Amino acid sequence: MNTQRKAYLVGGGIGSLAAAAFMIRDGKLPGAQITILEATPLLGGSLDGAGDAERGYSLRGGRMLTFDNYECTWDLFKSIPSLEHPGQSVFDETVAFNEVYRAHSQARLVDRRRAKVPVSSMGFTMQDRLELLKLSQTDEATLGDSRITDWLSPEFFETRFWYMWATTFAFQPWHSAVEFKRYLHRFMLEFSRIETLGGVRRTVYNQYDSLVRPLQHWLAAQGVQFVHECTVTELQHREADGEFIVTGLIFQQGGETRQIAVGEDDLVFVQNGSMTDASSLGSMQAAPPKLGKAHSTGWALWEKLAEGRPHFGNPAAFNRNIAQSMWDSFTVTLKDPAFFNEMIRFSGNQPGTGGLVTFQDSNWLMSIVLAHQPHFANQPADVQVFWGYALFPDRIGNFVAKPMSDCTGEEILRELCGHLRFEPETVHGANCIPCHMPYITSMFMPRQHSDRPLPVPPGSRNLAFVSQFVEVADDVVFTVEYSVRAAQMAVYQLLAIDRAVPPIKQHDHSLRVQFDALLKALK
């Protein structure tokens with residue numbers, strides 16, 4: 001291997017961080033020869049978590065984890081030391097944490113009467129079962145760019161299964177039938193326990209503190225260089241004999257245009273697209289500003305690269321319809337235990353054991369989750385934090401006569417208390433920070449197979465893509481695993497590493513699993 005080879009990673013999300021780690025661990029590339037260029041002051045991309053007890057904490061979202069899947073993620077984090085438990089890896093500490101705090105939701109769905117909805121049955125009709133089976137057995141070429149609604153009748157979207165599945169994974173009826181099918185197969189084990197979320201595993205803190213920070217700390221110790229507030233605007237390149245070769249990076253930093261020369265043997269990894277691009281925060285007194293394409297920076301480089309090069313994908317398939325890819329979330333910081341105490345009494349779950357509580361009849365389709373406390377590494381013992389989101393923020397609320405996306409933090413709390421029939425005093429002094437995300441489910445948009453590039457596109461000598469917008473056969477987007485797997489595939493291919501990428505476990509091929517799932521569906 002060329003010991004002088006350098007690697008440049010555009011974007012500091014989990015895909016780039018994982019790629020850097022695989023290059024060091026498995027490719028034996030010295031960390032000092034790896035540079036990560038990030039447009040914001042912090043690494044982590046969509047796995048963010050920020051704030052403090054005084055200003056309020058904020059999370060755009062949290063990704064579901066399991067131990068039954070996520071083969072590449074745990075392969076990586078078995079190598080990354082814990083920041084708080086000497087001698088343990090991040091994987092070790094996560095396993096130990098989940099041995100103590102096991103998920104078993106007792107209030108998965110709540111109706112308009114504030115009653116817990118019985119969820120032992122999925123609520124399927126025979127027609128629902130037949131249609132779901134047909135969709136799950138149809139090949140992706142036939143599904144093409146069709147939507148879920150093209151395969152399932154309107155009644156299906158009123159079943160208890162749909163409310164639980166859709167809010168667990170953030171699906172909308174108009175999303176891609178291919179992605180929905182992939183989830184049915186990849187998360188077959190969750191089919192029979194979706195009502196309790198029994199297969200969900202959680203990190204000790206939010207995923208920025210529990211995954212990003214220890215990974216960044218390990219990379220820094222290896223000598224990896226981090227360049228912040230640096231926006232790469234163009235890849236200089238040449239094309240010869242059918243090969244695409246990156247020769248330089250042009251970027252903006254500190255109001256100046258700068259350039260990095262890329263050698264013939266150097267590597268460039270680009271995070272193409274961003275599901276949290278143009279996201280914005282509000283406050284207790286203000287709704288988040290509505291940003292859109294004019295405020296986007298995460299798509300521009302991919303759009304420039306893909307122009308005239310169909311093997312580099314089609315970003316327009318994912319970013320052209322904000323109305324179908326956006327939703328809003330909110331993070332609440334409390335200094336009074338009243339709300340948590342009321343939720344424990346109502347749900348029957350201690351924080352960290354319940355998972356999503358979804359208000360089935362909410363016009364916004366609102367859900368909240370109370371994680372184990374503290375949820376932030378710097379969170380004081382007398383402070384509580386919880387997170388929530390809504391899939392239909394453009395609809396008028398049940399208790400607040402406004403769309404959620406126009407609401408302040410105070411109004412969101414008023415709507416939440418209305419669904420729970422909690423007195424306003426239970427959130428006295430709370431700080432609710434809403435977040436608007438125009439592209440948050442853009443990776444679920446209906447697409448053609450060619451709309452996503454391969455991690456290493458055909459003809460690329462030194463360029464790879466690592467993101468939610470590459471094509472990884474059989475795996476599911478909107479997961480940490482997808483970004484980590486894409487990174488591992490790209491690194492192993494470009495560095496010709498003689499080590500197999502961990503295969504996707506085919507749980508859906510197990511006759512026992514299929515039999516149990518069928519019995520569940522037939523109830």
Side-chain angles (χ1 to χ4, degrees), residues 64 105 108-112 115-199 321 323-327 355-367 389-395 441 443-447 476-478 507-508 513-523:
M64 191 190 89
S105 175
R108 182 63 188 87
L109 297 179
V110 177
D111 68 15
R112 63 171 54 89
K116 300 176 189 177
V117 177
V119 289
S120 58
S121 167
M122 298 293 100
F124 291 145
T125 64
M126 184 56 68
Q127 180 177 346
D128 294 330
R129 296 173 190 129
L130 292 174
E131 290 177 346
L132 193 62
L133 182 62
K134 181 180 179 181
L135 189 161
S136 70
Q137 298 302 313
T138 301
D139 64 79
E140 292 190 3
T142 301
L143 292 174
D145 62 354
S146 64
R147 303 170 185 270
I148 303 171
T149 49
D150 295 330
W151 296 85
L152 300 171
S153 300
E155 293 77 16
F156 175 84
F157 300 99
E158 298 299 324
T159 63
R160 289 183 288 278
F161 171 81
W162 174 253
Y163 281 114
M164 292 186 287
W165 194 268
T167 53
T168 298
F169 300 115
F171 272 108
Q172 300 278 27
W174 54 80
H175 281 156
S176 165
V178 169
E179 303 305 336
F180 184 63
K181 175 197 170 178
R182 286 193 181 190
Y183 266 76
L184 291 175
H185 285 274
R186 185 77 155 110
F187 290 114
M188 177 65 78
L189 290 175
E190 305 316 312
F191 197 97
S192 62
R193 57 195 183 194
I194 191 69
E195 78 279 11
T196 66
L197 296 173
N321 196 333
Q324 294 181 12
S325 66
M326 65 92 174
W327 44 255
L356 283 173
V357 176
T358 293
F359 303 101
Q360 177 179 297
D361 300 312
S362 161
N363 291 346
W364 297 349
L365 194 52
M366 177 191 280
S367 302
Y389 88 110
L391 282 173
F392 299 124
D394 55 341
R395 298 180 179 178
T441 54
M443 73 293 293
F444 280 160
M445 294 297 287
R447 60 176 178 84
V476 290
V477 292
F478 212 4
H507 297 296
D508 58 325
V513 168
Q514 292 188 57
F515 179 71
D516 288 346
L518 180 61
L519 286 180
K520 188 75 176 179
L522 290 174
K523 286 185 179 180

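FYI, the numbering just counts along the sequence from 1. Worth knowing before you read on, the calculation uses all heavy atoms, side chains too, and leaves out hydrogens, waters and symmetry mates. Model, not experiment: these values are computed from the prediction.
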Discussion item. Is there a side-chain contact (heavy atoms from CB on, under 4.5 Å) between L109 and M164? Walk through the geometry before answering.
Written reply: CA-CA 7 Å; L109 297 179; M164 292 186 287; 3.9 Å; yes

Worksheet item: Should R447 and E179 be marked as a side-chain contact (heavy atoms from CB on, under 4.5 Å) after you check the CA-CA gap, both sets of side-chain angles, and the distance that decides it?
Response: CA-CA 10 Å; R447 60 176 178 84; E179 303 305 336; 2.8 Å; yes

Practice prompt. Go through the steps to decide whether V117 and R160 satisfy the test side-chain contact (heavy atoms from CB on, under 4.5 Å), and finish with yes or no.
Written response: CA-CA 9 Å; V117 177; R160 289 183 288 278; 3.7 Å; yes

Item to complete: Just do the side-chain contact (heavy atoms from CB on, under 4.5 Å) check on L391 and Q172 with the steps written out, would you?
Response: CA-CA 8 Å; L391 282 173; Q172 300 278 27; 3.7 Å; yes

Item to complete: Kindly indicate, with the supporting measurements, whether the criterion side chain to side chain donor-acceptor pair (under 3.5 Å) is fulfilled by W151 and S146.
Response: CA-CA 8 Å; W151 296 85; S146 64; 2.8 Å; yes

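Atoms CG and CZ, from L184 and R186 in turn, are 13.5 Å apart once rounded to the nearest 0.5 Å. With rounding to the nearest 0.5 Å, the separation of CG in D361 from CE in M366 is 13.5 Å. To the nearest 0.5 Å, the span separating OG1 on T167 from CZ on F359 amounts to 11.5 Å. Atoms OG and CG, from S153 and D128 in turn, are 7.0 Å apart once rounded to the nearest 0.5 Å. Atom CE of M326 and atom OG1 of T441 lie 9.5 Å apart (nearest 0.5 Å). Between atom CZ of residue F157 and atom CG of residue L152 there is a gap of 5.0 Å, rounded to the nearest 0.5 Å.
The two residues G144 and V178 come nearest to each other via the heavy atoms O-CG2, 3.5 Å. Minimum heavy-atom separation, S325 to M445: CB-SD, 4.3 Å. Between A177 and L135, the shortest heavy-atom distance links the atoms O-CD2, 4.0 Å. The two residues G355 and L197 have their closest heavy-atom pair at CA-CD1, 3.9 Å. Shown here for M122 and V119, the closest heavy-atom pair between the two residues is CE-O, 3.6 Å. Across all non-hydrogen atoms, the minimal contact from S136 to H185 is O-NE2, 2.7 Å.
Side-chain contact between T149 and F156: absent, with no pair of heavy atoms (C-beta onward) separated by less than 4.5 Å. For the pair T168/R108, a side-chain contact is recorded, criterion being any heavy-atom separation below 4.5 Å from C-beta on. The side-chain heavy atoms of T125 and E155, taken from C-beta on, include no pair separated by under 4.5 Å. Here the side chains of I148 and W162 are in contact, with some heavy-atom distance below 4.5 Å.
At a threshold of 4.0 Å, the pair E140-R182 counts as salt-bridged, since one of the basic side-chain nitrogens sits closer than that to a carboxylate oxygen.
The six-membered or imidazole ring of Y183 lies away from that of F478, with a centre-to-centre distance of 6.0 Å or more.
Side chain of S121 to main chain of G123: a donor-acceptor pair is present (N/O by atom type, distance under 3.5 Å, no hydrogens or angles).
Classification of the Y389-W327 ring pair by plane angle, with boundaries at 30° and 60°, yields tilted. Ring orientation note: the planes of F187 and F169 are close to parallel, at an angle under 30° on the 30°/60° scale.
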